[in-house]
There are 2 protein chains.
Amino acid sequence: MSSSLKDVAARAGVSARTVSNVVNGSARVSAQTRQRVQEAIDELGYRPNLAARNLRAGRTGVIGLAIPELHSPYFGELAGLLVDAARRRSWTVVIDQTHGDAEAERRLLTGDSGRAMDGLIISPWALEAQEVASTARPLPVVLLGERSPQGLADRVAVDNVAAADDATSHLLALGRRRVAAIGLQPHLHNGTAEQRAEGYRRALRRAGITPSPRWERPVASLHRQDGARAMAELLDGESRPDAVFAFTDELALGALHMAHTRGVRVPEDLALVGFDDIEDGRFSHPTLTTVSPDKGQIAERALQCLADRIYSPENQVPALDLTVPHRLVVRDSTDPGTGADRSASHLPTG
Amino acid sequence: MSSSLKDVAARAGVSARTVSNVVNGSARVSAQTRQRVQEAIDELGYRPNLAARNLRAGRTGVIGLAIPELHSPYFGELAGLLVDAARRRSWTVVIDQTHGDAEAERRLLTGDSGRAMDGLIISPWALEAQEVASTARPLPVVLLGERSPQGLADRVAVDNVAAADDATSHLLALGRRRVAAIGLQPHLHNGTAEQRAEGYRRALRRAGITPSPRWERPVASLHRQDGARAMAELLDGESRPDAVFAFTDELALGALHMAHTRGVRVPEDLALVGFDDIEDGRFSHPTLTTVSPDKGQIAERALQCLADRIYSPENQVPALDLTVPHRLVVRDSTDPGTGADRSASHLPTG
DNA sequence: ATGAAAGCGCTAACAT
DNA sequence: ATGTTAGCGCTTTCAT
């Protein structure tokens, strides 16, 4: 068994209080005493028991991160940023994967997950805004990329409608008219797909084009294979699209794969835009034009929200609804031009 | 403030003991009492305090996962598998990113990280086997993908030498003779790159080819851009390779990108093999031949090691050195043939 | 079947 | 500057 504060105190011939002071630097300790205590600590290999500290403090220093799946590049990147940002605030992150399971999301929100944490950052997938809003939450929660749950929890996201509009408008500006969309999720109501569809249609209408269900391809999930399947369906249709806006980069990369397989040239025959700006899209062939959300800011602001709620529970402002900037990164999949990434270069020239 | 066991006990008119029994089902409680307690729990919205439980139990139910970076597809996939596998054992996973920083790795190993956990799974990057072995560890540790630290901690990994040999032999079997390697890391001594280089050279020698430093490209890190840079160097050389074995899929995808940029055809002009079998390689153009480690088994066995050490500290067997299977997945980047993925199909035919 | 009480290891209010 | 001690919320031994 490892040694405790008391053991160290006994060994150094001081009280527990003094050892605690030395460990935490919380009060003045004479140099001599300090050294004696330090020696005892070293000799015994003493490590403070975190569980005891947590119990005492009423806080764990742990925040939860609940995302659909860690292996998806978008969530992997975001999780990485959050872990690092949390660390800067001396927080530890425990990660849960919901796999889009409503029950799992519910458990996390209600605090029945059996995880001890001071706050939760969750990217809901299956749960609708209504249910998220009505769930009793025993701890501070920040929602990511979710339709605002009627001001009942902080939320951080890009403006999905505007972003989808930007992407679609870019395709229209290239002169494309048969612009398809891949990524609708009629079975889900978490808001994201709906908002991107809305932005897509808005851009079409502004260009004088009537949105048609024929160009809107639903997907079961957001993986590459779903994008490939949707693209196959589009290519099998009577009239082929000359542009595709995929609601995520993974879908876009799957679509790109299928285009290659079918001998469709990108961007000549088909211009393609994704969403998320994942690393893969910078090295695909051709490189992928995409909507780039500011992921660093998403991570930073989500943590800031949590910090405010956790450390200042007294002055509770109403729920925040934070919009994070995005930008369109034009690459080769829509640009038959130079072949260069015009927004962000990650390779040495030459 | 949230309510405690005592509050529930008072409200239900029973002792804390009984409430605890109801919550944990640990002893027989009369149906009537049980119901009364349950009502009190519901009315008060009582949730057990995990910190107190942990203190009492001397265990946290938390294990740490320390990896270089979460956003890399390989580690993202592995982390996802570990999180799910841990959950099946009612464990929570806290993730730390070391970013290949020796100091960060050291802190985790010595337990000075300020994270409360029952065990640690770490994929060391900067630390050498020697130092890992000599570090005093206050908790059970499993090493991933690391050279065996002289039997001083459990370790789970593929046979890197054999795997690299397989990959290289595959290229040689295609009739390629100028086989380059991308991914050496002379500045690191964590073992992985060295072992893959060794397997690469072994295969060459067996084919009667003398390994030459000219074909061995070092990289600063294992990202796509490093692979692209290394490939550029190879293509700028006096004699061009007709095959490349990249030590990771990310490097391979970066190399592939550069090949496209330079107009080099894959696999006709250049056959390419990666390592890790990340999702991207199944949808790249062309799809990527790769060495596929059994990631699910890595996760499962790492957790099993940890469980054995945590739950049965008394019968301590010597450190285990577990080798997990791998297989070569042949795809289009080495197969000018059918264009089909011959080992694992992730798309519907048609 | 249930109650009373000790104690897990730590911090901090109260002492000196 | 340092000692003494209560108590965070829970589980569990001992007792009834």
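In what follows, every chain begins at residue 1, and chains take the letters A, B, ... in the order their sequences are listed. In what follows, every heavy atom counts, from backbone to side chain, and hydrogens, waters and symmetry copies are set aside.
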ask   = In chain order, what residues pass the salt bridge (Lys or Arg N to Asp or Glu O under 4.0 Å) check against A/Asp101, with sequence neighbours excluded?
value = none
task = Can you figure out which of D/dC10, D/dT2, C/dG9 approaches the side chain of B/Tyr46 most closely?
result = D/dC10
Pairs under 3.5 angstrom, nitrogen or oxygen only, protein versus nucleotides 14-16 of chain D, please.
| residue | atom | partner | partner atom | Å |
| --- | --- | --- | --- | --- |
| D/dC14 | N4 | B/Arg17 | NH1 | 3.3 |

key: Residue mapping more 5' on DNA chain C - nearest nucleotide basis, B/Ser30 or A/Arg53   = B/Ser30
Length of the CG-C1' vector between A/Asn49 and D/dC10, whole Å = 14 Å
task = Please work out which of the three classes, parallel, tilted or perpendicular, describes the rings of B/Phe75 and B/Trp125, given edges at 30° and 60°.
result = perpendicular
Cut-off 3.5 Å, no hydrogens considered: what does the side-chain donor-acceptor table look like for residues 296-305 of chain B, sequence neighbours left out?
| residue | atom | partner | partner atom | Å |
| --- | --- | --- | --- | --- |
| B/Gln297 | NE2 | B/Asp294 | OD2 | 3.3 |
| B/Glu300 | OE1 | B/Arg88 | NH1 | 3.3 |
| B/Glu300 | OE2 | B/Arg89 | NH2 | 2.7 |
| B/Gln304 | OE1 | B/Arg89 | NH1 | 3.2 |
| B/Gln304 | OE1 | B/Arg89 | NH2 | 3.3 |
| B/Gln304 | NE2 | B/Asp308 | OD1 | 3.0 |

inquiry  = Please report the distance, rounded to the nearest Å, between CG in A/Asn24 and P in C/dA13.
reply    = 13 Å
task = State which of D/dC10, C/dG9, C/dG3 makes the closest approach to the side chain of B/Thr18.
result = C/dG3
ask   = Listed by chain and number, what are the side chain to side chain contact (heavy atoms under 4.5 Å, CB included) partners of A/Ala57, not counting sequence neighbours?
value = none
note = Across all chains, not counting sequence neighbours, the side chain to side chain contact (heavy atoms under 4.5 Å, CB included) partners of B/Ala10 are none
inquiry  = Between A/Arg36 and A/Glu39, does any NZ, NE, NH1 or NH2 come within less than 4.0 Å of an OD or OE carboxylate oxygen?
reply    = no
inquiry  = Rounded to whole Å, how long is the line connecting atom CG of A/Leu5 with atom P of C/dA12?
reply    = 12 Å
query = Could you state the CG-P distance from B/Leu50 to D/dC8, rounded to the nearest angstrom?
reply = 18 Å
remark   = Separation of D/dG3 atom C1' from A/Asn21 atom CG, nearest Å, is 11 Å
key: Position toward the 5' end of DNA chain C (nearest nucleotide), B/Arg34 or B/Ala57   = B/Arg34
query = Any idea which of C/dC10, D/dT12, D/dC10 is nearest the B/Pro48 side chain?
reply = D/dC10
key: Length of the line joining B/Leu55:CG and D/dG9:P, which is rounded to integer Å   = 12 Å
message = Can you see if the side chain of B/Ser4 gets near the phosphate of D/dC8 - specifically, an N or O under 4.0 Å from OP1 or OP2?
response = no
message = Within residues 6-16 of chain B, which residues have any heavy atom lying less than 4.0 Å from an atom of DNA chain C?
response = B/Gly13, B/Val14, B/Ser15
request  = Identify, with sequence neighbours excluded, every residue that meets salt bridge (Lys or Arg N to Asp or Glu O under 4.0 Å) alongside A/Glu77.
outcome  = A/Lys295
note = residues 3-12 of chain B vs salt bridge (Lys or Arg N to Asp or Glu O under 4.0 Å), sequence neighbours excluded, gives B/Arg11-B/Glu43
remark   = Applied to residues 114-126 of chain B, the salt bridge (Lys or Arg N to Asp or Glu O under 4.0 Å) test, sequence neighbours excluded, yields B/Asp96-B/Arg115
Contact under 4.0 Å: B/Thr33 side-chain N or O vs C/dT2 OP1/OP2 = yes
